[in-house]
Asks: 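For reference, the structure I am asking about is given below.
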Amino acid sequence: MNSTHRQIAVIGGGLSGICSAYFLAAKGYEVAVIERRAHVAEEATFGDSGLLAPGAAMPLTLPGAMATFACRFEDEPRVLLASGTDFSRRRWMGATRQAQQHHFAENKLRLSRLSAYGQSLTLQLQAHYNLDNENGSGVFHLFRQPAEAARMEAMQEAARQCEFKHQVLDAAAIRTLEPAFSSEAKLSGALYYPDDQAGNCVLFAKQMRNAAQALGVSFHFESHVRSVSAEFGGRVALQVDSPHLAPQMGVDAVVVAAGMASAELLRPLDTDLPLRALQSYSALVPVKNPDDAPNMALYDDSYKVAMTRLGSRIRISGLLGFVPPSQTLPPKALRNLLKIAGDYYPNAANYNQAHFWSNTLALLPHGLPVVGPTRQGNVFVNVGHGATGWAASVGSARLLADMVSGEDTEIPIDGLQPRDVLA
């Protein structure tokens, strides 16, 4: 055990922060989680798609510049854009397109490998603690646009290297596996991953909080970390606004897993991560006709929308927006979610009884999470897992705990560390 990192603060009570705390506590560290909300899993984790799916895991892919701009004027846009000119957004999207064009295959392999590791860990944890779960097996990955289907070859290669079972399907073959599937939506391609899963990510996060507390992790809610700075003697100082914590805390190490707030906390430490805030939208609808409802999960690559069955409910989540968060959800987002669900399962649910919400995601241009030490050696980061990042969050948390303790990681970490992103 690295004796210089005995006391560790984890900033952020989402899935990545909870699991980071759990794996660190399992190694014998004294861990405190500091969360600005009143409960765990209330921000990005609450908007997670529920896909526990290494096969279908995708680095962020967006339409081209002209197609993205055209989305602003469409009734059913694939990306939501705020009005006006945003040069920082344009630069960020340019970096995203460059990553897609030049590094998609290697980034897909890295994300698949990380997600497979995280899925394995999740299933082990569920079995070890006998956790209630709503997991279901089988995920369809659907492509509407020919340009998106062109990436299937790279995805199949990643599946072969990671030894994922997978099949290329057409609409008729999908209906054979999932009789309720409607063929109204025109597809350019589809992949099926029988061992990918979907379930209740928020439930899992809350269960892992209980497991972490049983290992001695303390959770401090409604507490806002204002700054992180190096302290004399190799420790780290936190400035905290909290009803029950001291205004200044000194710890041996810090894990920053605070979504978009991570960028502001890390920038003074010479770690300027190119995180971008995107909105993701979700709907929960009651099943109307069980025979017409899906048994397996579905991911629409064109709209970045997932459909997962949770017992008597269906969760529809995804659709990215370069728009500021608002109490009023954009009508286009609400229409799109229900339209996409209706394309595939028109008679499955009472879509007019949908309950909607939105969440802010912190994403990096290459579409991968970033995990590991920053230039300040005892400040670590674990962020950027995206709306389909359940498995990647768990895998990253275990990798981080190994890096903190100075142990070898069980899978390669190339391309995932802060130094890789900053380079």
Asks: Can you see which heavy atom on A253 is nearest to which on V236, and at what distance?
Replies: CA-CG2, 4.4 Å
Asks: Hey, can you tell me if F204 and W390 have their rings parallel, tilted or perpendicular (30° and 60° cut-offs)?
Replies: tilted
Asks: Indicate whether any N or O donor in one side chain lies under 3.5 Å from an N or O acceptor in the other, for S396 and H385.
Replies: yes
Asks: If I compare all heavy atoms of A297 with all of L51, which pair ends up nearest, and what's the gap?
Replies: CB-CD2, 3.7 Å
Asks: Indicate whether the side chain of Q126 and that of N135 have a donor and an acceptor atom separated by less than 3.5 Å.
Replies: yes
Asks: Does any part of the side chain of L273, heavy atoms only, come nearer than 4.5 Å to the side chain of T271, both counted from C-beta?
Replies: yes
Asks: Rounded to the nearest 0.5 Å, what's the gap from CZ on R90 to OG1 on T85? Could you check?
Replies: 6.0 Å
Asks: Report the distance from atom CD1 of I8 to atom CG of N378, rounding to the nearest 0.5 Å.
Replies: 10.0 Å
Asks: Got a donor-acceptor contact below 3.5 angstrom from the T68 side chain to the P63 backbone?
Replies: yes
Asks: Under the side chain to side chain contact (heavy atoms under 4.5 Å, CB included) criterion, do L109 and C162 qualify, and how do the steps go?
Replies: CA-CA 8 Å; L109 179 59; C162 294; 3.8 Å; yes
Asks: Using a 4.5 Å cut-off on heavy atoms from C-beta on, say whether the side chain of R144 contacts that of D300.
Replies: yes
Asks: Evaluate side-chain hydrogen bond (donor to acceptor under 3.5 Å, both in side chains) for S223 paired with E35, printing each intermediate quantity in order.
Replies: CA-CA 6 Å; S223 300; E35 165 57 42; over 6 Å; no
Asks: Surrounding CG of D408 (heavy atoms of other residues, nucleotides or ligands, distance under 6.0 Å), is the total greater than 12?
Replies: no
Asks: Could you measure the distance from the CG atom of L111 to the CG atom of L416? Nearest 0.5 Å is fine.
Replies: 8.5 Å
Asks: Let me confirm one number: the CZ-OG1 distance from R91 to T96, rounded to the nearest 0.5 Å.
Replies: 13.0 Å
Asks: Shortest non-hydrogen contact from A246 to V240?
Replies: O-CB, 4.0 Å
Asks: Is there side-chain contact between V381 and V255, with heavy atoms separated by less than 4.5 Å?
Replies: no
Asks: So L191 and Q156, side chain to side chain contact (heavy atoms under 4.5 Å, CB included) or not? Walk me through it.
Replies: CA-CA 9 Å; L191 289 168; Q156 289 177 272; 4.0 Å; yes
Asks: Regarding Q124 and S120, do their side chains bring together a donor and an acceptor under 3.5 Å, going by distance alone?
Replies: yes
Asks: Taking N382 for the side chain and L400 for the main chain, is one N or O donor matched with an acceptor at less than 3.5 Å?
Replies: no
Asks: Spell out, as yes or no, whether a donor-acceptor pair under 3.5 Å connects the side chain of Q279 to the backbone of S358.
Replies: no
Asks: Could you tell me if Y117 and E410 have a donor-acceptor pair between their side chains, going purely by distance under 3.5 Å?
Replies: yes
Asks: Please say whether more than 12 non-hydrogen atoms of neighbouring residues, nucleotides or ligands are located less than 6.0 Å from CD in E163.
Replies: no
Asks: Evaluate the side-chain proximity of Q197 to L123: yes if any heavy-atom separation is below 4.5 Å, no if none is.
Replies: yes
Asks: Within a reach of under 6.0 Å around CZ of R36, are more than 12 heavy atoms found that belong to other residues, nucleotides or ligands?
Replies: no
Asks: With a 3.5 Å cut-off and no angle check, do the side chains of S88 and D86 form a donor-acceptor pair?
Replies: yes
Asks: Nearest heavy-atom pair of V31 and A25: which atoms, and what distance?
Replies: CG2-N, 3.9 Å
Asks: Test salt bridge (charged side-chain N to carboxylate O under 4.0 Å, His left out) on R315 and E134 and set out the steps.
Replies: CA-CA 12 Å; R315 180 165 178 161; E134 298 175 329; over 6 Å; no
Asks: Ring pair (Phe, Tyr, Trp, His ring centres under 6.0 Å): which pairs involve residues 401-423, sequence neighbours left out?
Replies: none
Asks: Do E222 and S242 have side-chain N/O donor and acceptor atoms under 3.5 Å apart?
Replies: no
Asks: Would you say D132 has more than 12 foreign heavy atoms packed within less than 6.0 Å of its CG?
Replies: no
Asks: Which pair of heavy atoms, one from Q119 and one from D196, lies closest together, and at what distance?
Replies: NE2-CA, 4.1 Å
Asks: Please work out whether the ring planes of H141 and Y299 are parallel, tilted or perpendicular, with thresholds of 30° and 60°.
Replies: perpendicular
Asks: Just wondering, are more than 12 heavy atoms of other shown residues or ligands nearer than 6.0 Å to CD in Q98?
Replies: no
Asks: Is there a side-chain contact between L238 and I34 (heavy atoms, below 4.5 Å)?
Replies: yes
Asks: In Å and rounded to the nearest 0.5 Å, what is the CZ to CG distance from R309 to N295?
Replies: 5.5 Å
Asks: Without swapping roles, check the side chain of Q167 against the backbone of Y192 for a donor-acceptor pair under 3.5 Å.
Replies: no
Asks: Do the ring planes of W92 and F322 sit parallel (below 30°), tilted (30 to 60°) or perpendicular (above 60°)?
Replies: perpendicular
Asks: Given 3.5 Å as the limit, does a donor-acceptor pair link the side chain of Y345 with the main chain of P294, or not?
Replies: no
Asks: Determine which pairs satisfy side-chain hydrogen bond (donor to acceptor under 3.5 Å, both in side chains) with at least one residue from residues 224-236, sequence neighbours left out, and list them in order.
Replies: R226-D241, R235-D252
Asks: Counting only heavy atoms not in R72 (residues, nucleotides, ligands), do more than 12 fall under 6.0 Å from its CZ?
Replies: yes
Asks: Any donor-acceptor pair under 3.5 Å linking the side chain of K108 with the backbone of A159?
Replies: no
Asks: Hey, are S302 and E148 close enough side-chain-wise for a donor-acceptor pair under 3.5 Å?
Replies: yes
Asks: Would the distance check show the side chain of E106 and the main-chain N or O of G415 forming a donor-acceptor pair, the cut-off being under 3.5 Å?
Replies: no
Asks: May I ask you to check whether over 12 heavy atoms, not counting those of K206, lie within 6.0 Å of atom NZ?
Replies: no
Asks: With a 3.5 Å distance limit and no angle check, can you tell me whether K304 reaches the backbone of T61 through a side-chain donor-acceptor pair?
Replies: yes
Asks: With a 4.5 Å cut-off on side-chain heavy atoms, are I411 and L114 touching?
Replies: yes
Asks: Check the pair L320 / L60 against side chain to side chain contact (heavy atoms under 4.5 Å, CB included), numbers first and verdict last.
Replies: CA-CA 10 Å; L320 300 178; L60 178 66; 3.4 Å; yes
Asks: Before giving the answer on side chain to side chain contact (heavy atoms under 4.5 Å, CB included), spell out for L187 and I174 the whole-Å C-alpha distance, their side-chain angles and the decisive distance to 0.1 Å.
Replies: CA-CA 11 Å; L187 300 179; I174 295 174; 4.0 Å; yes
Asks: Main chain of L269, side chain of R375: is a donor-acceptor contact present, judged purely on distance under 3.5 Å?
Replies: no
Asks: Where is the tightest heavy-atom contact between I314 and A293, given as atom of each residue plus distance?
Replies: CD1-CB, 4.3 Å
Asks: With rounding to the nearest 0.5 angstrom, report the CE to CG distance, M208 to L131.
Replies: 7.5 Å
Asks: Do E76 and I340 have side-chain heavy atoms sitting under 4.5 Å apart?
Replies: no
Asks: Would you say the side chain of H39 lies within less than 4.5 Å of the side chain of F219, judging by non-hydrogen atoms?
Replies: no
Asks: Assign the ring pair H355 / W357 to parallel, tilted or perpendicular, where the plane angle (0 to 90°) is split at 30° and 60°.
Replies: tilted
